[in-house]
Amino acid sequence: MKIMKALEKDIDEMCTIGRTVKYFKTSKGETIFWTKKQISNWLNSKDDVLIVAKNEGKIVGFILAIFHKPTGKAVIENLWVDKIQRKNGLGTRLLDTCVKELHTKGSIYINALVNMNNKPIRDFLTKNGFDKGYAFYWMART
Ligand SMILES: CC(C)(COP(=O)(O)OP(=O)(O)OC[C@H]1O[C@@H](n2cnc3c(N)ncnc32)[C@H](O)[C@@H]1OP(=O)(O)O)[C@@H](O)C(=O)NCCC(=O)NCCS
């Protein structure tokens with residue numbers, strides 16, 4: 001298993017996977033994941049952190065984070081581990097790698113928005129040092 005920075009060549013696979021993860025959906029609309037163009041732009045942003053886990057060349061996990069340098073705030077946007085690899089510590093390894101990288105960049109505050117029905121991710125984040133705050137509605141527009 002290799003954990004590494006995501007590369008341009010990983011984009012297609014990441015997008016294909018991302019579209020299948022129901023917990024990435026934030027509303028009843030169509031959009032469930034980032035476009036290839038968005039991920040490509042994101043990869044080229046030096047402050048952000050996009051990490052993949054690969055097993056025999058296949059992506060089996062990823063974590064995507066945004067870092068806002070002026071405030072030191074980072075957001076974990078997406079975290080995913082392949083079903084057959086779960087409960088084996090890979091999510092924790094991805095998160096640890098991401099947090100370490102964010103701290104190196106100067107992050108002082110890291111948060112994540114989680115679907116209230118997604119107990120695995122809540123348990124996972126609690127176990128990894130995240131405190132639970134208030135529940136909010138997801139409001140969006142273009
Ligand atoms: C959340 C997720 C990334 C965890 O990955 P993982 O590789 O299983 O995580 P780890 O093995 O490091 O798990 C560590 C802890 O997380 C919690 N956890 C993980 N999966 C869980 C599950 N299905 N149910 C309850 N708790 C779970 C447990 O506390 C676990 O500790 P334990 O093994 O001592 O019980 C994975 O379940 C996933 O990809 N879910 C689907 C995508 C998703 O919901 N992403 C979040 C939206 S951004």
Side-chain angles (χ1 to χ4, degrees), residues 1-69 71-105 107-142:
M1 185 81 64
K2 283 187 185 160
I3 293 188
M4 66 193 84
K5 188 178 175 314
L7 302 171
E8 286 282 336
K9 66 175 182 176
D10 298 322
I11 294 176
D12 281 359
E13 203 177 343
M14 287 165 74
C15 288
T16 303
I17 294 165
R19 284 194 290 268
T20 68
V21 183
K22 68 173 179 182
Y23 285 119
F24 291 164
K25 212 163 160 59
T26 55
S27 69
K28 288 181 185 142
E30 287 294 307
T31 309
I32 190 170
F33 199 62
W34 311 101
T35 63
K36 289 177 190 176
K37 178 76 183 142
Q38 285 173 312
I39 302 269
S40 177
N41 292 341
W42 204 349
L43 279 175
N44 289 311
S45 152
K46 62 178 175 18
D47 289 331
D48 299 328
V49 178
L50 294 89
I51 294 166
V52 292
K54 287 187 190 176
N55 193 20
E56 293 171 357
K58 184 176 175 288
I59 295 177
V60 291
F62 59 73
I63 185 162
L64 314 181
I66 287 172
F67 174 48
H68 185 241
K69 207 167 192 165
T71 57
K73 178 175 181 261
V75 181
I76 309 286
E77 292 284 349
N78 304 97
L79 169 63
W80 169 85
V81 167
D82 189 18
K83 269 196 181 118
I84 54 166
Q85 305 278 351
R86 286 181 196 166
K87 300 279 271 172
N88 208 14
L90 181 55
T92 304
R93 283 178 65 198
L94 282 166
L95 180 67
D96 287 349
T97 307
C98 180
V99 167
K100 204 169 158 196
E101 185 72 12
L102 288 169
H103 284 163
T104 302
K105 288 173 184 288
S107 171
I108 52 168
Y109 182 80
I110 304 172
N111 87 296
L113 277 167
V114 304
N115 186 309
M116 287 167 70
N117 299 321
N118 189 348
K119 187 167 172 344
I121 188 74
R122 276 195 281 130
D123 290 349
F124 171 85
L125 291 174
T126 304
K127 193 161 182 173
N128 282 286
F130 285 72
D131 292 325
K132 193 173 90 180
Y134 295 121
F136 288 84
Y137 284 108
W138 186 279
M139 305 290 285
R141 63 158 287 176
T142 54

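Each ligand, and each atom within it, is numbered from 1 in the order the structure gives. Numbering of residues begins at 1 and proceeds along the displayed sequence. Nothing here was measured: the structure is a model prediction, and the numbers come from that model. Side chains are part of it too, since the values below use all heavy atoms of this structure and drop only hydrogens, waters and symmetry mates.
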**Request:** Establish, from distance only, whether the side-chain atoms of Thr126 and Asp123 form a donor-acceptor pair under 3.5 Å.
**Result:**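 No, no side-chain donor-acceptor contact under 3.5 Å.
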**Message:** Give me the atom names and distance for the closest heavy-atom approach of Met14 to Val52.
**Reply:**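 That closest heavy-atom pairing would be SD-CG1, 4.0 Å.
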Under a 3.5 Å threshold, I'd like every N/O contact between ligand 1 and protein atoms, with atom names and distance.
residue	atom	partner	partner atom	Å
ligand 1	7 (O)	Gly91	N	2.8
ligand 1	8 (O)	Lys87	N	2.7
ligand 1	11 (O)	Lys87	N	3.4
ligand 1	11 (O)	Asn88	N	3.0
ligand 1	11 (O)	Gly89	N	2.7
ligand 1	12 (O)	Thr92	N	3.0
ligand 1	12 (O)	Thr92	OG1	2.5
ligand 1	31 (O)	Lys127	NZ	3.0
ligand 1	34 (O)	Lys127	NZ	2.3
ligand 1	35 (O)	Lys87	NZ	3.1
ligand 1	39 (O)	Val81	N	2.7
ligand 1	39 (O)	Val81	O	3.4
ligand 1	39 (O)	Arg86	NE	3.4
ligand 1	44 (O)	Asn118	ND2	2.8
ligand 1	45 (N)	Leu79	O	2.7

For residues 95-104, which side-chain donor-acceptor pairs fall under 3.5 Å, sequence neighbours excluded?
residue	atom	partner	partner atom	Å
Thr97	OG1	Arg93	O	2.7
Thr104	OG1	Lys100	O	2.9

Just distance, no hydrogens or angles: give the donor-acceptor pairs under 3.5 Å from side chains in residues 130-140, sequence neighbours left out.
residue	atom	partner	partner atom	Å
Trp138	NE1	Thr26	OG1	3.4

Which pairs would a plain distance check flag for residues 74-91, meaning a side-chain donor or acceptor within less than 3.5 Å of a matching protein atom at least two apart in sequence or in another chain?
residue	atom	partner	partner atom	Å
Asn78	OD1	Trp34	NE1	2.7
Arg86	NE	Val81	O	2.7
Arg86	NH2	Val81	O	3.0

**Item:** Ion pair Asp48/Lys105, N-O distance below 4.0 Å
**Value:**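 So Asp48 does not pair with Lys105 through a salt bridge.
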